[in-house]
Q: 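To start, I am sharing the structure in question, which I have written as structure tokens.
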There are 2 protein chains.
Amino acid sequence: MSVDSIVFGYHDDQLKVLLIKRGAAPFQGQLALPGDLVYPNETIEVAAHRILKDLTGIDEHNVEQTKTYSAVDRHPVARVITTGVYSIIDIAKHDPHASAWAEGVYWTSLEDVPQLAFDHDQILKDAVDILRNKVRKEPIGFELLPEKFTLADLQNLYEALLNVKFDKANFRKRILSAKFLKDLNEFQEGVPHRPARLYSFDSDKYDELRANGFSIQI
Amino acid sequence: MSVDSIVFGYHDDQLKVLLIKRGAAPFQGQLALPGDLVYPNETIEVAAHRILKDLTGIDEHNVEQTKTYSAVDRHPVARVITTGVYSIIDIAKHDPHASAWAEGVYWTSLEDVPQLAFDHDQILKDAVDILRNKVRKEPIGFELLPEKFTLADLQNLYEALLNVKFDKANFRKRILSAKFLKDLNEFQEGVPHRPARLYSFDSDKYDELRANGFSIQI
DNA sequence: GCAAAAGTGTTGTCAGTACACCCATGT
DNA sequence: ACATGGGTGTACTGACAACACTTTTGC
């Protein structure tokens with residue numbers, strides 16, 4: 001039993017995924033998703049946490065399962081069933097570094113991902129689908145923005161996550177009508193244009209709205 | 001590694017789930033979801049298929065993963081990681097019967113499910129959530145209706161699956177506008193009221209619509 | 001005729017889209 | 001002044017809910 005982590009990162013308005021170059025057979029030297037066996041005293045989620053910490057030093061993050069892959073011959077050496085787990089992190093916060101099973105670690109734009117080891121192409125594809133589905137229904141991704149952000153920042157984030165473009169006016173209306181942003185009454189400074197209003201994510205308000213069966217569609 | 005099957009059935013306008021009474025320790029005599037270990041030559045899906053066939057004799061069905069549960073102490077005897085798998089079948093088609101690990105088999109209405117063995121309460125709850133989410137986005141459940149059915153049949157099915165009530169006129173408009181039903185130009189016979197028009201599910205049409213990025217919301 | 005369920009039409013509201021326009025700042 | 005993005009108003013459309021109404025059958 002193993003875990004494969006799909007670590008999404010956001011930087012420069014781009015959605016990227018963390019890949020490693022395998023340091024050991026099988027598929028040595030080929031790119032793959034970071035993954036490892038689940039130890040006897042770990043849950044899948046704890047193992048995923050450990051993997052991400054080894055690679056990036058990031059300790060605080062949410063992980064979410066995608067699917068479990070059990071094809072008998074998916075691993076050429078032994079029977080290994082693996083569960084996909086994804087997380088979204090802020091690339092700026094930490095630099096990834098190689099570790100036990102990784103010769104090298106790379107942030108790769110989704111369009112530039114080459115063929116991966118094992119069935120990782122499929123695992124990645126499934127994860128992207130699941131992520132995009134989820135983003136449209138719940139306000140995730142706020143971990144990727146600074147504490148105070150502008151609506152344009154948020155729009156860029158969503159556009160990168162979903163790979164679409166939104167109309168500015170309409171995006172604003174939708175987000176603001178959802179009422180889970182706190183208007184800080186502060187503004188950008190030193191920008192060569194009209195300074196934008198700053199907001200923060202109001203998680204108390206969101207929890208309250210959610211408890212009342214509220215949902216948004218983006 | 002094991003599988004636990006959440007088998008949903010539909011009968012008399014009611015959504016039910018298949019439970020077994022455990023014939024062996026641990027939790028002997030308690031109700032549980034049917035489940036078994038995944039054999040070395042099986043995928044999770046194949047194992048789920050085998051379980052359902054053992055219990056109900058049903059051979060043809062679709063299975064779909066829910067989540068994988070890996071809490072270290074979820075099984076009191078050994079470390080067992082389990083994946084939830086659900087399917088929907090037509091109760092009328094086959095009678096369930098006890099098997100290797102089942103002393104008895106019962107169709108139980110969702111509201112009447114008692115406390116279950118292991119973490120099966122949680123597994124069932126998650127499966128119901130996932131099923132309801134899915135039903136709203138894709139036309140599943142047609143396996144549960146006879147070949148030819150009325151719009152009222154379909155409405156009853158959806159109401160049972162989702163545990164809600166729909167307005168008749170609006171439900172019809174939505175379903176018919178989706179255009180994946182074939183109007184058979186046939187009618188009910190021998191009913192003590194105006195006979196209803198019969199339809200069948202047009203899967204060719206649905207595949208075609210789906211290929212063009214179409215989706216419905218029910 | 002009456003009960004029962006099939007099936008339709010009308011109206012109001014609201015969310016989402018497209019698009020044009022104004023505003024505030026640095027250079 | 002002007003470039004650059006921030007921010008807003010309006011008008012159109014289409015989906016959806018509510019609800020009242022007509023139709024067709026068996027008894």
Side-chain angles (χ1 to χ4, degrees), chain A residues 12-13 132-133 135-139 145-146 148-160 162-200 209 212-218, chain B residues 12-13 135-139 145-146 148-160 162-200 209 212-218:
Chain A
D12 285 343
D13 299 346
R132 292 199 166 143
N133 249 304
V135 167
R136 286 188 168 272
K137 286 189 294 195
E138 302 177 35
L145 293 174
K148 306 173 178 187
F149 53 85
T150 68
L151 290 180
D153 291 337
L154 188 61
Q155 184 171 350
N156 285 331
L157 170 62
Y158 272 92
E159 290 181 345
L162 295 171
N163 196 30
V164 294
K165 288 284 169 198
F166 293 114
D167 178 88
K168 192 187 10 157
N170 299 332
F171 181 82
R172 286 161 170 271
K173 273 180 260 178
R174 243 177 313 175
I175 292 290
L176 290 177
S177 73
K179 301 223 187 302
F180 52 69
L181 291 190
K182 190 187 293 175
D183 183 346
L184 297 172
N185 276 310
E186 297 175 46
F187 295 85
Q188 285 180 315
E189 284 172 24
V191 288
H193 53 76
R194 175 170 171 180
R197 201 167 263 277
L198 296 174
Y199 294 85
S200 69
L209 289 166
N212 298 336
F214 152 93
S215 80
I216 39 156
Q217 293 288 329
I218 291 173
Chain B
D12 285 342
D13 299 345
V135 167
R136 288 190 166 272
K137 286 189 292 194
E138 302 177 35
L145 294 174
K148 305 173 179 187
F149 53 86
T150 68
L151 290 180
D153 291 337
L154 188 60
Q155 184 172 348
N156 285 331
L157 170 61
Y158 272 91
E159 289 180 347
L162 295 171
N163 196 29
V164 294
K165 288 284 169 197
F166 293 115
D167 177 89
K168 191 183 17 149
N170 298 332
F171 181 81
R172 286 162 170 270
K173 274 179 257 179
R174 245 177 312 175
I175 292 291
L176 290 177
S177 73
K179 301 223 187 300
F180 51 69
L181 291 189
K182 190 188 293 174
D183 183 346
L184 297 172
N185 275 310
E186 297 176 45
F187 295 86
Q188 284 180 316
E189 283 173 25
V191 287
H193 54 75
R194 174 169 172 181
R197 201 166 262 277
L198 295 174
Y199 294 86
S200 70
L209 289 166
N212 299 335
F214 151 93
S215 81
I216 40 157
Q217 293 289 328
I218 292 173

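Each chain gets a letter, A, B and so on, in the order its sequence line appears, and its residues count up from 1.
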Q: Could you tell me how far apart B/Glu189 (CD) and C/dA6 (C1') are, to the nearest whole angstrom?
A: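 Checked: the CD to C1' distance equals 16 Å.
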Q: Could you state the atom-to-atom distance from CZ of A/Arg136 to P of C/dG16 in whole Å?
A: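 Distance check: A/Arg136 CZ to C/dG16 P gives 12 Å.
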Q: Under 3.5 Å, is there an N or O donor on one side and an acceptor on the other linking the side chain of A/Lys168 and the base of D/dG5?
A: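 No pair found.
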Q: Where is the tightest heavy-atom contact between B/Asp183 and B/Asn185, given as atom of each residue plus distance?
A: OD1-N, 2.8 Å
Q: So does A/Arg174 get a side-chain nitrogen or oxygen closer than 4.0 Å to the phosphate oxygens (OP1/OP2) of C/dT17?
A: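 Looking at the OP1 and OP2 atoms of C/dT17, one of them is under 4.0 Å from a side-chain N or O of A/Arg174.
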Q: Quick check against the 3.5 Å criterion: does B/Gln155 have a side-chain atom that pairs as donor or acceptor with the backbone of B/Phe166?
A: yes
Q: Just verifying a value: how many Å separate B/Arg197 CZ and B/Leu176 CG, rounded to the nearest 0.5 Å?
A: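 Output value for this atom pair is 10.0 Å.
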Q: Rounded to whole Å, how long is the line connecting atom CZ of A/Phe171 with atom C1' of D/dG7?
A: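 Checked: the CZ to C1' distance equals 14 Å.
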Q: Relative to the 5' end of DNA chain C, which residue comes earlier, B/Pro195 or A/Gly190, by the nucleotide with the nearest heavy atom?
A: B/Pro195
Q: Using only modelled atom types and a 3.5 angstrom limit, is any donor from either the side chain of B/Lys173 or the base of C/dT10 paired with an acceptor on the other?
A: yes
Q: Taking for each residue the nucleotide of DNA chain C with the nearest heavy atom, is it B/Asp167 or B/Asp153 whose nucleotide lies nearer the 5' end?
A: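 Whichever sits nearer the 5' end wins; that is B/Asp153.
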Q: In whole Å, I'd like the distance from the CG atom of B/Leu181 to the C1' atom of C/dG7.
A: 15 Å
Q: Between A/His193 and A/Arg172, just flag the one whose closest nucleotide in DNA chain D comes earlier from the 5' side.
A: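 Result: A/His193.
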Q: Roughly, in whole Å, what's the span from CZ in A/Phe166 to C1' in C/dC19?
A: 18 Å
Q: Base, sugar-phosphate or nothing for B/Ala169? Non-hydrogen atoms, less than 4.0 Å.
A: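 Since a base atom lies under 4.0 Å of B/Ala169, the category is base.
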Q: Using atom CD of B/Gln188 as one end and atom P of C/dG7 as the other, report the distance to the nearest whole Å.
A: 8 Å
Q: Let me see the working for B/Val135 and B/Tyr158 under side chain to side chain contact (heavy atoms under 4.5 Å, CB included), right down to the final yes or no.
A: CA-CA 8 Å; B/Val135 167; B/Tyr158 272 91; 3.4 Å; yes
Q: For A/Leu151 and A/Lys168: C-alpha separation, side-chain torsions, deciding distance, then whether side chain to side chain contact (heavy atoms under 4.5 Å, CB included) applies.
A: CA-CA 9 Å; A/Leu151 290 180; A/Lys168 192 187 10 157; over 6 Å; no
Q: C/dA5 phosphate, OP1 or OP2: any side-chain N/O from B/Arg194 under 4.0 angstrom?
A: no
Q: How is A/Arg197 classified with respect to the nucleic acid when contacts are heavy atoms under 4.0 Å: base, sugar-phosphate, or nothing?
A: sugar-phosphate
Q: Roughly, in whole Å, what's the span from CD in A/Gln217 to P in C/dA15?
A: 13 Å
Q: Reading DNA chain D from 5' onward, which residue's closest nucleotide shows up sooner: A/Tyr199 or B/Val191?
A: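 The residue closer to the strand's 5' end, by nearest nucleotide, is A/Tyr199.
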Q: Could you state the CG-P distance from B/Leu176 to C/dG7, rounded to the nearest angstrom?
A: 10 Å
